[in-house]
Amino acid sequence: MATTLPRNGELADQLDLLADLMELEGSDYFRVSAYRRAATRIRETAGPVARLAVEGRATELPGIGKTIEEKIVQVVEDGEIHALTKRKQAVPEELVLFMRLPGLGPKTVQRIWQELGITTVDGLREAAEAGRLRTLQGMGAKSEEKILEALRAEPEPAGPRRTPLGAALPALEAAVAELQEHPAADKVSIAGSARRMRETVRDLDVIATATDPAALLDHFTTLEWVAEVAARGGTKATVVAHDGLRFDLRVVPPECFGNLLQHFTGSKQHNVALREDAVRRGLSVSEYGVTEVETGVVHAFATEEELYAFLGYAYIPPELREAAGELEAARRGELPELVETAQLRGDLHTHTTWSADGKSTLAEMVAAAESRGYAYYAVTDHSHYLREGRLEAQWEEIDRLQEQVGIRILKGVEVNIRADGTLDLPDEVLAQLDWVVASVHAVRERRTTERVLAALDNPHVDCIGHLTGRKLGLRGPAEVDFGEIVVRALETGAFLEINAQPNRLDLSDVHARAAREAGLKVVVSTDAHEVASLGFARFGIGVARRAWCTPEDVLNTRPWEQIVELRQSR
DNA sequence: GCCGTTTTCGGCCCGACTGTTTTCAGTCG
């Protein structure tokens with residue numbers, strides 16, 4: 001048996017690839033989607049699924065049965081799912097890339113392969129240039145041109161690009177505001193994965209009701225920032241902005257706004273599960289209404305609240321709609337009361353110009369924090385810049401400022417966890433601070449788990465900052481034994497941070513949920529280096545909500561005195 | 001391949017849009 005267990009991402013990738021190859025072979029659709037569903041489930045599980053499979057417990061995860069558990073064990077023992085090894089002999093692997101091109105699905109790719117004998121991206125490009133693709137039934141010059149265009153833009157199709165929520169959400173809110181101004185617009189709302197606060201989004205979804213749908217769609221497709229109209233129908237249009245962001249607008253009658261908002265908010269898996277559940281009770285759910293199959297009576301709802309109530313669920317907040325147990329909990333009336341941004345009483349990880357990369361002064365940051373209504377505010381500049389008396393100098397500035405403001409300023413630091421797990425400030429200094437965040441910065445150096453465990457063992461450490469060091473779109477998370485870190489944090493009474501920087505969001509929603517389920521409180525902090533970044537709190541709260549966190553689960557919804565008490569009891 | 005307030009067999013969400021057709025399959029979300 002291999003000494004290290006395959007990561008969840010590796011297992012999921014193999015299952016997805018197996019699904020793709022089988023689909024190209026023309027396998028049964030439901031088998032293929034069972035593999036994909038299992039892959040998604042595995043990706044969204046915090047602990048190592050390979051260990052569960054070895055212990056015979058992977059089948060406890062929904063969507064994973066005996067057969068897929070066996071396949072996971074094959075990866076542990078032999079490195080690859082046996083069926084995958086076999087399919088790779090039969091189906092050229094590069095065909096999978098074809099399916100990432102716009103308009104190319106499994107059926108078409110299968111025919112390109114079998115009828116034209118094309119098996120490589122280069123071969124596909126040559127055939128398209130030579131006009132050979134259009135010889136296929138159902139393929140025309142226009143499809144051929146679309147393929148060539150996509151290949152020119154991206155010679156090796158890499159799949160849909162995802163935009164961090166921090167960039168997408170403001171753009172989406174601006175688009176909603178623009179549409180709202182049009183005289184034909186009635187209700188306009190954000191929908192899709194951005195409404196669910198997913199860390200990255202692909203398409204930006206907007207839905208609306210309108211007195212004149214065609215006029216609103218016209219307005220949408222001719223907005224100043226629109227570079228291309230990708231699709232346009234009577235109720236729906238897709239446009240691409242100059243910066244590459246794709247926006248979908250869908251317009252419906254006001255009486256079914258609730259149905260549409262629910263449908264277009266997704267997730268797809270949530271909707272599928274909701275609809276399957278409805279089918280079992282003789283109901284058919286679509287974006288236009290809920291149809292009683294027997295009688296044909298259609299129930300339309302102006303709000304999501306009414307729709308969920310009709311189907312027998314408590315209202316499910318968008319952040320929970322991931323087919324991760326929320327439907328069952330809503331049926332039983334056991335959904336959590338999710339934490340809200342306004343409930344944060346302070347920020348516990350922030351910087352000032354005392355750090356070289358800080359852009360706003362201490363006074364500016366504190367004033368901004370006070371105007372956000374915070375009761376306390378931890379200044380945690382990098383330890384690296386606070387040597388040789390600078391820390392004491394900063395304390396003097398804090399003491400002077402404290403005289404002038406109502407908000408409680410906490411003396412803190414973000415101390416670096418060195419490669420050997422020691423901290424780069426001595427204990428006697430750390431002991432004098434109100435709040436100590438310890439973070440790994442050189443993530444390329446390995447052993448993140450050991451370094452974090454060592455830091456947790458230091459009694460002065462209050463919180464671990466941005467645990468995995470990931471930067472969305474730039475570098476992946478460090479591999480950590482999250483379960484072990486949570487256990488140690490519970491033992492030492494320290495906390496883990498949800499870093500709200502939109503390119504970090506670290507802990508991820510999956511990790512944050514696992515922490516919550518283990519009974520560990522999380523801290524939502526912005527790591528702001530300038531005044532405007534204090535507003536990132538809403539992205540961190542988005543992660544916490546996706547992790548099912550109530551105000552109880554988020555440490556800094558408490559008054560500072562309570563946090564001090566919690567620490568003393570450790 | 002998974003799953004079960006009808007079921008251990010026989011189901012498995014639903015509709016819009018595109019490009020190609022001339023009534024529809026495939027793709028997409």
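The analysis underlying the following values was restricted to heavy atoms, covering all of them including side chains, and did not include hydrogens, waters or symmetry mates. This is a predicted model, so every value here is computed, not measured.
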Evaluate the ring planes of A/Tyr308 and A/Tyr315, with Trp represented by its six-membered ring, and classify them as parallel (under 30°), tilted (30 to 60°) or perpendicular (over 60°). perpendicular

Describe, in one word, how the ring planes of A/His299 and A/Phe301 are oriented to each other, choosing from parallel (under 30°), tilted (30 to 60°) and perpendicular (over 60°).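 The arrangement is parallel - the two ring planes meet at less than 30°.
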
A/Ser143 or A/Thr235, whichever maps to the more 5' nucleotide of DNA chain B: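 Result of the comparison: A/Thr235.
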
Nearest-nucleotide wise, let me know which of A/Ser286 and A/Arg31 is further upstream toward the 5' end of DNA chain B.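 Checking each residue's closest nucleotide, the 5'-ward one belongs to A/Arg31.
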
Check [Y] with [X], please: is the shortest side-chain N to carboxylate O separation under 4.0 Å?
X: A/Arg546; Y: A/Glu319; result: no
X: A/Arg331; Y: A/Asp277; result: yes
X: A/Arg513; Y: A/Glu517; result: yes
X: A/Lys71; Y: A/Glu80; result: no

Judged by modelled atom types alone, do A/Arg321 and A/Ser267 share a side-chain donor-acceptor pair under 3.5 Å?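 No, no side-chain donor-acceptor contact under 3.5 Å.
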
Same-atom distance ([atom1]) from [N] to [M], integer angstrom:
N: B/dG1; M: B/dT8; atom1: C1'; value: 14 Å
N: B/dT18; M: B/dG11; atom1: C1'; value: 31 Å
N: B/dT5; M: B/dC14; atom1: C1'; value: 25 Å
N: B/dC17; M: B/dT23; atom1: C1'; value: 16 Å
N: B/dT21; M: B/dG26; atom1: P; value: 14 Å
N: B/dC3; M: B/dC13; atom1: P; value: 14 Å
N: B/dT27; M: B/dT20; atom1: P; value: 13 Å
N: B/dC9; M: B/dG19; atom1: P; value: 47 Å

Could you tell me the Watson-Crick or G-U partner of B/dA25, where both distances fall under 3.5 Å? Say none if there is no partner.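 The base-pairing partner of B/dA25, which may sit in any strand shown, is B/dT18.
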
Rounded to whole Å, how long is the line connecting atom [atom1] of [X] with atom [atom2] of [N]?
X: A/Glu294; N: B/dT6; atom1: CD; atom2: P; result: 14 Å
X: A/Ile64; N: B/dC3; atom1: CD1; atom2: P; result: 9 Å
X: A/Ile112; N: B/dA25; atom1: CD1; atom2: P; result: 19 Å
X: A/Arg37; N: B/dC3; atom1: CZ; atom2: C1'; result: 9 Å
X: A/Arg134; N: B/dT18; atom1: CZ; atom2: C1'; result: 17 Å
X: A/Phe30; N: B/dG4; atom1: CZ; atom2: C1'; result: 17 Å
X: A/Met139; N: B/dC24; atom1: CE; atom2: P; result: 22 Å
X: A/Glu60; N: B/dC3; atom1: CD; atom2: P; result: 12 Å

Does CD in A/Glu294 sit with more than 12 non-hydrogen atoms of other residues, nucleotides or ligands closer than 6.0 Å?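 Atom CD in A/Glu294 is not crowded, with 12 or fewer foreign heavy atoms closer than 6.0 Å.
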
Could you check whether atom CD of A/Glu115 has more than 12 heavy atoms from other residues, nucleotides or ligands sitting under 6.0 Å from it? yes

When you measure from the side chain of A/Arg250, which nucleotide among B/dG1, B/dC12, B/dA16 comes out closest?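 Looking only at side-chain atoms, A/Arg250 lies closest to B/dA16.
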
In terms of side-chain heavy atoms of A/Ser284, which of B/dT7, B/dC14, B/dG15 is nearest?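 So the side chain of A/Ser284 is nearest to B/dC14.
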
Atom pairs under 3.5 Å, N or O on each side, protein against nucleotides 26-29 of chain B: can you list them with distances?
residue, atom, partner, partner atom, Å
B/dG26, O3', A/Thr108, OG1, 3.2
B/dT27, OP1, A/Gly105, N, 2.5
B/dT27, OP1, A/Gly105, O, 2.8
B/dT27, OP1, A/Thr108, N, 3.1
B/dT27, OP1, A/Thr108, OG1, 2.8
B/dT27, OP2, A/Lys107, N, 3.3
B/dT27, O5', A/Gly105, N, 3.4
B/dC28, OP1, A/Gly103, N, 2.9
B/dG29, OP1, A/Asp203, OD2, 3.3
B/dG29, OP2, A/Arg202, NH2, 3.3

If you look at every strand shown and take non-hydrogen atoms under 4.0 Å, does [X] touch a base, only sugar-phosphate, or nothing?
X: A/Thr238; result: nothing
X: A/Tyr35; result: sugar-phosphate
X: A/Gly234; result: sugar-phosphate
X: A/Ser33; result: nothing
X: A/Val32; result: nothing
X: A/Ala141; result: sugar-phosphate

Any A/Tyr29 side-chain nitrogen or oxygen under 4.0 Å from OP1 or OP2 of B/dG1: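 No, no such contact exists.
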
